[in-house]
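Atoms within a ligand are numbered from 1 in the order they appear, just like the ligands themselves. For the numbers below, each heavy atom of this structure counts, side chains included, while hydrogens, waters and symmetry mates do not.
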Amino acid sequence: MVLPSFQVLIPSSLQEALDMLDGHPDARLLAGGTDLLVDLRPAVIRSAPFVPQGYADEWGIGYQQEPSGPLVSLHGLEQLRGLRSLTSHVRAGATTTVAELASSPLLRKHLTALAEGAAALGTPLVRNRGTYGGNICNARPAADTLVPTVALGGTLHLAHKNSTRKVSVVDFVLGPGRIALRAGELLTHIQLPFFPRQGSAYLKLGTRKALEIAQVGVAASVVLDQAGRVVHSGVALGAVGPTPILCHGTAESLHGHVPDQAAIRAASLAARREAAPISDHRASREYRLEMVQLLTRRALTRAVERARSAAAPGEQS
Ligand SMILES: Cc1cc2nc3c(=O)[nH]c(=O)nc-3n(C[C@H](O)[C@H](O)[C@H](O)COP(=O)(O)OP(=O)(O)OC[C@H]3O[C@@H](n4cnc5c(N)ncnc54)[C@H](O)[C@@H]3O)c2cc1C
């Protein structure tokens, strides 16, 4: 890939990275670079003599200028890496790779939807390079780890030179490529709660099995009480709105019910009503609505099965 020249700053600690951001208001963060470096490329394509200006505009390329400031690399910062299980939640460092999420026994057991989302992202090469934090901060409505994070109620931890703060992932993602990250801040880690008798699943619809941006993605999480009733649920839809959509109506329709087929069907219909898809080159609005309903039903069915089998032996299933 041909790239414009740019400067990369390589901090050796989180504090040094935050100082660099503070000293360079025009700096951008570089994690795996699988989105960022692609973003930087159009500046070269636009200036290439073999791409006529009209085509560059029509293809939507050329909107990025050469980076005006340096890139601050997060690559060597050990504090931002890895998954840890704490009493009631998993702490995922922002630079944990997508491949690590996909293969984590911890996630497979407690937060399956996130492991499945990670496994569905790109190719092995992209998963080995791309990071969880990068997928969230790139804020694409179809992002395969972002959608499960919304369903699972993820909280993002952000650090600034002089302070830290927490924000729910739902409030963080404002629109395609737009996030509530303030100047000088970076995402350090993501906190994901987990519960006994919880099950979750992620399903992605594309026309190919690999290297496909979702036409529709659905993540579902269900927590049951000892009697097998839903005490908490989260359903998030990807690629059917400007941001992943957390379906409040779907959660309300399930709350307090034993999630049998009728309850799941009603919840899937509620999800369809909450989707706001457009028609584009990947799929029509009508097809996406149908698929939201179908995938929500399947994802909820899987999540409920997993929640039941997560119940302690002898408990109601
Ligand atoms: C061939 C290919 C296929 C792909 N397929 C898919 C797919 O199927 N599904 C999918 O969801 N995505 C896909 N992607 C997109 C991409 O791989 C993911 O979004 C990836 O997880 C981004 O992580 P990264 O570490 O590479 O981010 P980077 O490119 O380094 O950064 C992305 C953005 O996030 C910001 N950022 C990164 N880390 C932080 C942080 N800690 N704090 C604040 N801001 C930060 C950067 O400044 C930049 O704006 C694909 C990409 C390619 C090239």
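Counting heavy atoms closer than 4.0 Å to ligand 1, residue L74 contributes side-chain atoms (C-beta onward) but none from N, CA, C or O. With a 4.0 Å heavy-atom cut-off, ligand 1 is reached by no atom of R127. Here A94 has side-chain heavy atoms under 4.0 Å from ligand 1, and that is the only part of it that gets that close.
Ion pairing between R81 and E100 holds under the 4.0 Å rule for side-chain N and carboxylate O. The pair R197-D225 does not meet the salt-bridge criterion, since no charged nitrogen lies less than 4.0 angstrom from a carboxylate oxygen. A salt bridge is defined here as a Lys NZ or Arg NE, NH1 or NH2 lying under 4.0 Å from an Asp or Glu carboxylate O, and R288 with D280 meets this definition. For E116 and R306, the salt-bridge test passes: some basic side-chain N is under 4.0 Å from an acidic carboxylate O.
Under the 4.5 Å side-chain criterion, counting only non-hydrogen atoms from C-beta, P193 is not in contact with S88. Side-chain contact between F195 and V231: absent, with no pair of heavy atoms (C-beta onward) separated by less than 4.5 Å. The shortest side-chain heavy-atom distance between L181 and L158 falls under the 4.5 Å cut-off.
Interface of L186 with ligand 1, defined as ligand atoms under 4.0 Å from a residue heavy atom, comprises 42 (N). Within ligand 1, the atoms closer than 4.0 Å to a non-hydrogen atom of A31 are 25 (O), 30 (O), 37 (C), 38 (N), numbered from 1 in the order shown. Close approach to T34 involves these atoms of ligand 1, each under 4.0 Å from a residue heavy atom: 16 (C), 17 (O), 18 (C), 20 (C), 22 (C), 23 (O), 24 (P), 26 (O), 29 (O), 53 (C). Close approach of ligand 1 to L187 (heavy-atom distance below 4.0 Å) involves ligand atoms 40 (C), 41 (N), 42 (N), 43 (C). Taking a cut-off of under 4.0 Å to the non-hydrogen atoms of L29, the atoms of ligand 1 that pass are 42 (N), 43 (C), 44 (N), 46 (C), 47 (O). Less than 4.0 angstrom separates some heavy atom of G122 from each of these atoms of ligand 1: 5 (N), 6 (C), 7 (C), 8 (O). The G32 neighbourhood of ligand 1 comprises atoms 24 (P), 25 (O), 26 (O), 30 (O), with distances under 4.0 Å to a heavy atom of that residue.
For G33, a nitrogen or oxygen atom sits less than 3.5 Å from a nitrogen or oxygen atom of ligand 1, counting backbone and side chain alike.
When T123, D35, L21 are ranked by how near their heavy atoms come to atom 15 (C) of ligand 1, first place goes to D35.
Under a 4.0 angstrom heavy-atom cut-off, E185 registers as lying outside contact with ligand 1.
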